[in-house]
Amino acid sequence: MRNAEPGTMMQPSPLLPIVTERLVLRPFTRGDVDAVHAYRCREDVARYLFDGPMTRETCAEAIQLRVRQVSFAEEGDRIVLAAERQDSGELIGEISLIWRSVVSRQGEIGYIFHPDYQHLGYASEAVRALLTLGFRDLDLHRIYARCDTRNAPSYRLMERIGMRREAHFHEHLLVRGNWDDEYIYAVLRSEWRRH
Amino acid sequence: MIPPVLPIETERLLLRTFERNDFDSVMAYHALPEVQRYLDWKARDRIEVKAALEAMRKEVALNRPGDTLSLAVEHRKDKRLIGQVSLRWHDATAAQAELRFVFNPAYRRQGYAGEAAKAAISLGFSEFGFHRIFARCDARNQQSARLLKGLGMRLEAHYREHALFQGEWDEELHFAVLDREWLRSPKVHEFAAHRVA
(Lines give C-alpha, C1' and ligand atoms only; values in the text may rest on other atoms or scores of the structure.)
Protein backbone atom coordinates (compact mmCIF):
# COMPACT_ATOMS: atom_id res chain seq x y z
CA MET A 1 0.00 0.00 0.00
CA ARG A 2 1.04 3.54 -0.79
CA ASN A 3 -0.40 5.79 1.91
CA ALA A 4 0.68 6.12 5.50
CA GLU A 5 3.11 4.02 7.50
CA PRO A 6 1.53 1.42 9.75
CA GLY A 7 0.36 3.01 12.94
CA THR A 8 0.15 6.56 11.62
CA MET A 9 -3.19 8.31 11.42
CA MET A 10 -5.04 8.34 8.11
CA GLN A 11 -6.33 11.71 7.00
CA PRO A 12 -10.07 11.53 7.61
CA SER A 13 -11.90 12.51 4.41
CA PRO A 14 -14.21 15.48 4.93
CA LEU A 15 -16.77 13.64 2.77
CA LEU A 16 -17.05 10.75 5.23
CA PRO A 17 -19.04 9.32 6.82
CA ILE A 18 -22.03 9.60 4.50
CA VAL A 19 -25.33 9.65 6.34
CA THR A 20 -28.43 8.52 4.44
CA GLU A 21 -31.99 8.12 5.65
CA ARG A 22 -31.38 4.85 7.48
CA LEU A 23 -27.65 4.16 7.03
CA VAL A 24 -24.22 5.44 7.83
CA LEU A 25 -21.54 4.69 5.21
CA ARG A 26 -18.26 4.88 7.04
CA PRO A 27 -14.63 3.70 6.70
CA PHE A 28 -13.87 0.20 7.95
CA THR A 29 -12.17 -0.39 11.28
CA ARG A 30 -10.27 -3.41 12.55
CA GLY A 31 -13.25 -4.30 14.73
CA ASP A 32 -15.40 -5.10 11.66
CA VAL A 33 -13.87 -8.49 10.84
CA ASP A 34 -16.56 -10.67 12.42
CA ALA A 35 -19.45 -8.69 10.98
CA VAL A 36 -17.97 -8.91 7.48
CA HIS A 37 -17.02 -12.56 7.87
CA ALA A 38 -20.65 -13.32 8.81
CA TYR A 39 -21.74 -12.75 5.20
CA ARG A 40 -18.51 -13.14 3.17
CA CYS A 41 -18.13 -16.72 4.47
CA ARG A 42 -21.43 -17.73 2.87
CA GLU A 43 -21.62 -19.71 -0.34
CA ASP A 44 -24.82 -17.88 -1.37
CA VAL A 45 -22.98 -14.57 -1.10
CA ALA A 46 -19.84 -15.74 -2.93
CA ARG A 47 -21.76 -17.47 -5.75
CA TYR A 48 -21.74 -14.45 -8.04
CA LEU A 49 -18.46 -12.90 -6.90
CA PHE A 50 -14.96 -13.41 -8.29
CA ASP A 51 -13.71 -14.48 -4.85
CA GLY A 52 -14.92 -17.65 -3.20
CA PRO A 53 -16.25 -17.74 0.36
CA MET A 54 -13.76 -16.07 2.72
CA THR A 55 -12.14 -17.52 5.79
CA ARG A 56 -11.90 -15.29 8.83
CA GLU A 57 -8.21 -14.85 8.11
CA THR A 58 -8.76 -13.65 4.51
CA CYS A 59 -11.45 -11.35 5.83
CA ALA A 60 -9.10 -9.87 8.42
CA GLU A 61 -6.48 -9.25 5.70
CA ALA A 62 -9.06 -7.61 3.45
CA ILE A 63 -10.18 -5.32 6.22
CA GLN A 64 -6.66 -4.36 7.08
CA LEU A 65 -6.42 -2.98 3.52
CA ARG A 66 -9.84 -1.36 3.64
CA VAL A 67 -9.05 0.69 6.72
CA ARG A 68 -6.90 2.83 4.42
CA GLN A 69 -9.19 2.76 1.38
CA VAL A 70 -10.98 5.99 2.15
CA SER A 71 -10.04 8.49 -0.58
CA PHE A 72 -8.87 8.94 -4.17
CA ALA A 73 -5.29 10.03 -4.84
CA GLU A 74 -4.49 8.19 -8.06
CA GLU A 75 -5.96 5.85 -10.66
CA GLY A 76 -6.96 2.46 -9.27
CA ASP A 77 -7.62 3.80 -5.79
CA ARG A 78 -10.78 2.66 -4.09
CA ILE A 79 -13.06 3.98 -1.42
CA VAL A 80 -14.52 1.05 0.49
CA LEU A 81 -17.18 1.74 3.09
CA ALA A 82 -19.10 -0.25 5.65
CA ALA A 83 -22.88 0.17 5.56
CA GLU A 84 -24.17 0.42 9.08
CA ARG A 85 -27.79 0.66 10.19
CA GLN A 86 -28.44 3.81 12.16
CA ASP A 87 -31.11 2.21 14.34
CA SER A 88 -29.23 -0.91 15.45
CA GLY A 89 -25.61 -0.06 14.66
CA GLU A 90 -25.27 -3.37 12.79
CA LEU A 91 -22.86 -3.63 9.86
CA ILE A 92 -25.04 -5.05 7.06
CA GLY A 93 -22.84 -4.75 3.99
CA GLU A 94 -20.06 -3.06 2.09
CA ILE A 95 -19.90 -0.70 -0.87
CA SER A 96 -16.99 0.49 -2.95
CA LEU A 97 -16.06 3.02 -5.59
CA ILE A 98 -12.94 2.47 -7.71
CA TRP A 99 -11.23 5.25 -9.70
CA ARG A 100 -10.90 3.45 -13.04
CA SER A 101 -9.73 6.35 -15.17
CA VAL A 102 -8.46 9.73 -14.07
CA VAL A 103 -8.37 11.24 -17.58
CA SER A 104 -11.83 10.00 -18.57
CA ARG A 105 -13.25 10.41 -15.05
CA GLN A 106 -14.60 6.88 -14.83
CA GLY A 107 -15.58 5.03 -11.68
CA GLU A 108 -16.74 1.53 -10.87
CA ILE A 109 -19.16 0.83 -8.07
CA GLY A 110 -19.55 -2.47 -6.21
CA TYR A 111 -21.66 -3.67 -3.31
CA ILE A 112 -22.17 -6.77 -1.20
CA PHE A 113 -24.88 -7.03 1.43
CA HIS A 114 -25.78 -9.61 4.06
CA PRO A 115 -28.66 -11.75 2.69
CA ASP A 116 -30.58 -11.30 5.94
CA TYR A 117 -30.99 -7.62 5.12
CA GLN A 118 -31.97 -7.95 1.45
CA HIS A 119 -35.25 -6.68 0.00
CA LEU A 120 -35.35 -3.78 2.45
CA GLY A 121 -33.89 -1.17 0.13
CA TYR A 122 -30.66 -0.76 2.08
CA ALA A 123 -28.41 -1.56 -0.89
CA SER A 124 -30.25 0.94 -3.15
CA GLU A 125 -29.96 3.57 -0.49
CA ALA A 126 -26.22 3.00 -0.22
CA VAL A 127 -25.64 2.87 -3.99
CA ARG A 128 -27.55 6.12 -4.56
CA ALA A 129 -25.44 7.82 -1.90
CA LEU A 130 -22.21 6.57 -3.45
CA LEU A 131 -23.26 7.67 -6.95
CA THR A 132 -23.94 11.12 -5.54
CA LEU A 133 -20.50 11.11 -3.92
CA GLY A 134 -18.91 10.03 -7.22
CA PHE A 135 -20.65 12.58 -9.43
CA ARG A 136 -21.07 15.55 -7.12
CA ASP A 137 -18.00 15.40 -4.89
CA LEU A 138 -15.47 13.44 -6.96
CA ASP A 139 -16.48 14.89 -10.34
CA LEU A 140 -16.75 11.56 -12.16
CA HIS A 141 -18.23 11.51 -15.67
CA ARG A 142 -19.47 7.91 -15.80
CA ILE A 143 -19.92 5.22 -13.17
CA TYR A 144 -20.44 1.58 -14.03
CA ALA A 145 -20.96 -1.68 -12.21
CA ARG A 146 -20.61 -5.31 -13.24
CA CYS A 147 -22.60 -8.31 -12.17
CA ASP A 148 -23.14 -11.96 -12.98
CA THR A 149 -26.12 -12.30 -15.34
CA ARG A 150 -27.77 -14.73 -12.88
CA ASN A 151 -27.62 -12.20 -10.07
CA ALA A 152 -31.11 -10.77 -10.54
CA PRO A 153 -31.32 -8.82 -7.25
CA SER A 154 -28.14 -6.98 -8.18
CA TYR A 155 -29.08 -5.95 -11.71
CA ARG A 156 -32.68 -5.15 -10.78
CA LEU A 157 -31.32 -2.72 -8.22
CA MET A 158 -29.23 -1.02 -10.92
CA GLU A 159 -32.22 -0.81 -13.24
CA ARG A 160 -34.39 0.65 -10.47
CA ILE A 161 -31.99 3.44 -9.75
CA GLY A 162 -31.65 4.39 -13.41
CA MET A 163 -28.51 2.66 -14.63
CA ARG A 164 -28.54 1.37 -18.22
CA ARG A 165 -27.37 -2.08 -19.33
CA GLU A 166 -24.42 -1.43 -21.61
CA ALA A 167 -22.97 -4.91 -21.94
CA HIS A 168 -23.82 -8.57 -21.82
CA PHE A 169 -20.66 -10.59 -22.20
CA HIS A 170 -21.01 -14.29 -22.95
CA GLU A 171 -18.39 -16.66 -21.54
CA HIS A 172 -15.71 -13.98 -21.52
CA LEU A 173 -13.97 -15.29 -18.39
CA LEU A 174 -13.42 -18.43 -16.39
CA VAL A 175 -14.30 -17.85 -12.76
CA ARG A 176 -13.40 -20.68 -10.43
CA GLY A 177 -13.66 -23.15 -13.31
CA ASN A 178 -16.98 -21.93 -14.70
CA TRP A 179 -17.76 -19.76 -17.70
CA ASP A 180 -18.80 -16.33 -16.60
CA ASP A 181 -21.59 -14.28 -18.19
CA GLU A 182 -21.56 -10.67 -17.15
CA TYR A 183 -23.69 -7.55 -17.39
CA ILE A 184 -22.28 -4.05 -17.23
CA TYR A 185 -24.59 -1.25 -16.16
CA ALA A 186 -23.63 2.41 -16.35
CA VAL A 187 -24.87 5.89 -15.69
CA LEU A 188 -23.48 9.20 -16.90
CA ARG A 189 -23.20 12.30 -14.80
CA SER A 190 -25.68 14.11 -17.10
CA GLU A 191 -28.24 11.33 -16.57
CA TRP A 192 -27.75 11.25 -12.83
CA ARG A 193 -28.33 14.99 -12.46
CA ARG A 194 -31.65 14.68 -14.26
CA HIS A 195 -32.55 11.87 -11.94
CA MET B 1 0.96 -23.00 -29.53
CA ILE B 2 2.10 -24.26 -32.88
CA PRO B 3 2.35 -21.56 -35.51
CA PRO B 4 -0.50 -21.97 -37.97
CA VAL B 5 -0.22 -23.16 -41.48
CA LEU B 6 0.32 -20.02 -43.45
CA PRO B 7 -0.46 -18.54 -45.86
CA ILE B 8 -4.21 -19.03 -45.93
CA GLU B 9 -6.03 -18.77 -49.21
CA THR B 10 -9.63 -17.68 -49.46
CA GLU B 11 -11.68 -17.25 -52.60
CA ARG B 12 -10.06 -13.97 -53.59
CA LEU B 13 -7.42 -13.34 -50.93
CA LEU B 14 -4.17 -14.54 -49.50
CA LEU B 15 -3.44 -14.03 -45.77
CA ARG B 16 0.28 -14.13 -45.05
CA THR B 17 2.83 -12.70 -42.64
CA PHE B 18 4.25 -9.25 -43.33
CA GLU B 19 7.46 -8.71 -45.28
CA ARG B 20 9.92 -5.84 -45.35
CA ASN B 21 8.96 -4.79 -48.86
CA ASP B 22 5.33 -4.28 -47.82
CA PHE B 23 6.26 -0.79 -46.66
CA ASP B 24 4.75 1.21 -49.52
CA SER B 25 1.49 -0.72 -49.47
CA VAL B 26 1.15 -0.33 -45.69
CA MET B 27 2.12 3.35 -45.84
CA ALA B 28 -0.65 3.85 -48.42
CA TYR B 29 -3.36 3.31 -45.80
CA HIS B 30 -1.63 3.81 -42.41
CA ALA B 31 -0.92 7.42 -43.33
CA LEU B 32 -4.53 8.28 -44.16
CA PRO B 33 -6.45 10.34 -41.57
CA GLU B 34 -9.72 8.73 -42.72
CA VAL B 35 -8.33 5.30 -41.87
CA GLN B 36 -7.15 6.28 -38.39
CA ARG B 37 -10.40 8.08 -37.59
CA TYR B 38 -11.83 5.08 -35.78
CA LEU B 39 -8.59 3.46 -34.65
CA ASP B 40 -6.66 4.06 -31.48
CA TRP B 41 -3.61 5.40 -33.26
CA LYS B 42 -3.11 8.57 -35.22
CA ALA B 43 -2.25 8.78 -38.92
CA ARG B 44 1.34 7.68 -39.22
CA ASP B 45 4.36 9.20 -40.89
CA ARG B 46 7.10 7.17 -42.62
CA ILE B 47 9.06 6.56 -39.43
CA GLU B 48 5.96 5.39 -37.54
CA VAL B 49 4.86 3.13 -40.38
CA LYS B 50 8.35 1.65 -40.53
CA ALA B 51 8.17 0.88 -36.80
CA ALA B 52 4.64 -0.53 -37.14
CA LEU B 53 5.72 -2.78 -40.00
CA GLU B 54 8.79 -3.96 -38.08
CA ALA B 55 6.52 -4.88 -35.17
CA MET B 56 4.01 -6.67 -37.38
CA ARG B 57 6.73 -8.65 -39.14
CA LYS B 58 7.55 -10.18 -35.75
CA GLU B 59 3.92 -11.00 -34.97
CA VAL B 60 3.88 -14.40 -36.59
CA ALA B 61 2.78 -16.74 -33.79
CA LEU B 62 0.68 -16.89 -30.65
CA ASN B 63 2.88 -18.39 -27.98
CA ARG B 64 1.63 -16.63 -24.88
CA PRO B 65 -1.20 -14.32 -23.81
CA GLY B 66 -0.60 -10.83 -25.12
CA ASP B 67 0.88 -12.09 -28.39
CA THR B 68 -0.57 -10.92 -31.68
CA LEU B 69 -0.67 -12.67 -35.02
CA SER B 70 -0.65 -10.00 -37.74
CA LEU B 71 -1.47 -10.96 -41.28
CA ALA B 72 -1.16 -9.00 -44.47
CA VAL B 73 -4.13 -9.41 -46.77
CA GLU B 74 -3.15 -9.70 -50.39
CA HIS B 75 -5.41 -9.74 -53.39
CA ARG B 76 -4.64 -13.03 -55.13
CA LYS B 77 -5.28 -11.80 -58.65
CA ASP B 78 -3.15 -8.67 -58.72
CA LYS B 79 -0.88 -9.49 -55.73
CA ARG B 80 -1.61 -6.15 -54.06
CA LEU B 81 -1.58 -5.78 -50.32
CA ILE B 82 -4.99 -4.31 -49.53
CA GLY B 83 -5.12 -4.42 -45.73
CA GLN B 84 -4.38 -6.34 -42.59
CA VAL B 85 -6.11 -8.56 -40.07
CA SER B 86 -4.88 -9.67 -36.66
CA LEU B 87 -5.69 -11.90 -33.72
CA ARG B 88 -4.48 -11.03 -30.24
CA TRP B 89 -4.46 -13.71 -27.57
CA HIS B 90 -6.12 -11.95 -24.72
CA ASP B 91 -6.59 -14.27 -21.80
CA ALA B 92 -4.69 -17.44 -20.97
CA THR B 93 -7.28 -19.44 -19.04
CA ALA B 94 -10.44 -18.34 -20.80
CA ALA B 95 -9.03 -18.69 -24.36
CA GLN B 96 -10.17 -15.28 -25.56
CA ALA B 97 -8.88 -13.42 -28.60
CA GLU B 98 -9.44 -10.05 -30.18
CA LEU B 99 -9.87 -9.63 -33.91
CA ARG B 100 -8.79 -6.41 -35.57
CA PHE B 101 -8.62 -5.32 -39.16
CA VAL B 102 -7.62 -2.28 -41.19
CA PHE B 103 -8.14 -1.95 -44.91
CA ASN B 104 -7.06 0.46 -47.60
CA PRO B 105 -10.17 2.54 -48.46
CA ALA B 106 -9.39 2.10 -52.16
CA TYR B 107 -10.52 -1.53 -51.81
CA ARG B 108 -13.64 -1.01 -49.75
CA ARG B 109 -17.18 -2.17 -50.41
CA GLN B 110 -16.16 -5.36 -52.17
CA GLY B 111 -16.37 -7.68 -49.18
CA TYR B 112 -12.62 -8.15 -48.81
CA ALA B 113 -12.49 -7.18 -45.13
CA GLY B 114 -15.33 -9.59 -44.35
CA GLU B 115 -13.66 -12.38 -46.28
CA ALA B 116 -10.37 -11.84 -44.44
CA ALA B 117 -12.03 -11.48 -41.03
CA LYS B 118 -13.96 -14.70 -41.58
CA ALA B 119 -10.74 -16.55 -42.40
CA ALA B 120 -9.02 -15.11 -39.33
CA ILE B 121 -11.88 -16.11 -37.02
CA SER B 122 -11.91 -19.64 -38.42
CA LEU B 123 -8.16 -19.81 -37.93
CA GLY B 124 -8.59 -18.66 -34.32
CA PHE B 125 -11.13 -21.32 -33.49
CA SER B 126 -9.74 -24.25 -35.50
CA GLU B 127 -5.98 -23.76 -35.23
CA PHE B 128 -5.67 -21.99 -31.87
CA GLY B 129 -8.66 -23.42 -30.08
CA PHE B 130 -9.98 -20.10 -28.84
CA HIS B 131 -13.27 -20.20 -26.98
CA ARG B 132 -14.43 -16.69 -27.80
CA ILE B 133 -13.31 -14.10 -30.31
CA PHE B 134 -14.33 -10.50 -29.92
CA ALA B 135 -13.93 -7.29 -31.89
CA ARG B 136 -14.42 -3.67 -30.93
CA CYS B 137 -15.33 -0.70 -33.06
CA ASP B 138 -16.30 2.91 -32.70
CA ALA B 139 -20.09 3.28 -32.61
CA ARG B 140 -19.96 5.74 -35.52
CA ASN B 141 -18.06 3.26 -37.66
CA GLN B 142 -21.13 1.75 -39.26
CA GLN B 143 -19.17 -0.10 -41.93
CA SER B 144 -17.24 -2.14 -39.37
CA ALA B 145 -20.31 -2.71 -37.22
CA ARG B 146 -22.24 -3.99 -40.22
CA LEU B 147 -19.36 -6.24 -41.21
CA LEU B 148 -19.05 -7.80 -37.75
CA LYS B 149 -22.78 -8.33 -37.46
CA GLY B 150 -22.81 -9.83 -40.94
CA LEU B 151 -20.22 -12.38 -39.84
CA GLY B 152 -22.69 -13.58 -37.22
CA MET B 153 -21.03 -11.88 -34.28
CA ARG B 154 -23.27 -10.74 -31.45
CA LEU B 155 -23.36 -7.14 -30.23
CA GLU B 156 -22.40 -7.62 -26.58
CA ALA B 157 -21.64 -4.11 -25.46
CA HIS B 158 -22.37 -0.52 -26.32
CA TYR B 159 -20.34 1.74 -24.06
CA ARG B 160 -21.25 5.42 -23.94
CA GLU B 161 -18.67 8.03 -23.00
CA HIS B 162 -16.47 5.44 -21.32
CA ALA B 163 -13.24 7.07 -22.47
CA LEU B 164 -11.86 10.29 -23.84
CA PHE B 165 -10.09 9.84 -27.14
CA GLN B 166 -8.32 12.77 -28.78
CA GLY B 167 -10.44 15.12 -26.69
CA GLU B 168 -13.80 13.58 -27.56
CA TRP B 169 -16.04 11.19 -25.69
CA ASP B 170 -15.83 7.76 -27.18
CA GLU B 171 -18.68 5.41 -27.88
CA GLU B 172 -17.66 1.84 -28.45
CA LEU B 173 -19.31 -1.35 -29.67
CA HIS B 174 -18.12 -4.78 -28.69
CA PHE B 175 -19.01 -7.84 -30.81
CA ALA B 176 -18.26 -11.47 -30.01
CA VAL B 177 -18.78 -15.05 -31.12
CA LEU B 178 -18.17 -18.34 -29.31
CA ASP B 179 -16.46 -21.33 -30.89
CA ARG B 180 -19.59 -23.52 -30.81
CA GLU B 181 -21.66 -20.77 -32.42
CA TRP B 182 -19.11 -20.24 -35.16
CA LEU B 183 -18.73 -23.90 -35.96
CA ARG B 184 -22.52 -24.23 -36.33
CA SER B 185 -22.69 -21.21 -38.58
CA PRO B 186 -23.26 -21.83 -42.30
CA LYS B 187 -20.74 -19.07 -43.03
CA VAL B 188 -17.93 -21.31 -41.92
CA HIS B 189 -18.86 -24.14 -44.20
CA GLU B 190 -19.02 -21.71 -47.03
CA PHE B 191 -15.51 -20.61 -46.05
CA ALA B 192 -14.20 -24.15 -45.61
CA ALA B 193 -15.15 -24.94 -49.17
CA HIS B 194 -12.89 -22.17 -50.39
CA ARG B 195 -9.97 -22.98 -48.21
CA VAL B 196 -7.12 -24.59 -50.07
CA ALA B 197 -5.67 -27.44 -48.09
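These numbers come from a predicted model, not from an experiment. Letters A, B, ... mirror the listed sequences (proteins, then strands); counts begin at 1.
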Can you check whether B/His162's main-chain N or O pairs, donor with acceptor, with A/Ser104's side chain at less than 3.5 Å?
no

If hydrophobic clusters are built from ILVMFWY residues whose side chains come within less than 4.5 Å, do B/Phe134 and B/Phe130 share one? no

query: Given the rule that I, L, V, M, F, W and Y join up when any side-chain heavy atoms are under 4.5 Å apart, are A/Tyr144 and A/Tyr155 in one cluster?
result: no

Bottom line for B/Ala163: the part with an atom under 4.5 Å from chain A's heavy atoms is both

Residues of residues 163-186 of chain A with a heavy atom under 4.5 Å from any heavy atom of chain B, in residue-number order, are A/Arg164, A/Glu166, A/Ala167, A/His168, A/Phe169, A/His170, A/Glu171, A/His172, A/Leu173, A/Leu174, A/Trp179, A/Ile184

Filtered by a 4.5 Å non-hydrogen cutoff, the part of residues 32-63 of chain A contacting chain B is none

Next on the checklist: Between B/Phe128 and B/Leu178, is there shared hydrophobic-cluster membership here, with clusters defined by ILVMFWY side-chain heavy atoms closer than 4.5 Å?
Outcome noted: no

*Any donor-acceptor pair under 3.5 Å from A/Gln106 side chain to B/Glu161 backbone*: yes

Treating Ile, Leu, Val, Met, Phe, Trp and Tyr as nodes and any side-chain heavy-atom pair under 4.5 angstrom as an edge, say whether B/Leu69 and B/Trp182 lie in one connected cluster.
yes

| Taking everything shown except B/Arg80 itself, do over 12 heavy atoms lie less than 6.0 Å from its CZ? | no

With a 4.5 Å cut-off on side-chain heavy-atom distances among I, L, V, M, F, W and Y, is there a chain of contacts connecting B/Val177 to B/Leu155?
yes

Against chain B, residues from residues 108-124 of chain A with at least one heavy atom under 4.5 Å, in numeric order, are none

### Message
Surrounding CD of B/Gln142 (heavy atoms of other residues, nucleotides or ligands, distance under 6.0 Å), is the total greater than 12?
### Response
no

Listed by number, the residues in residues 92-99 of chain A that come under 4.5 Å of chain B (heavy atom to heavy atom) are none

When the 4.5 angstrom heavy-atom criterion is applied to B/Arg160 and chain A, the contacting part is both

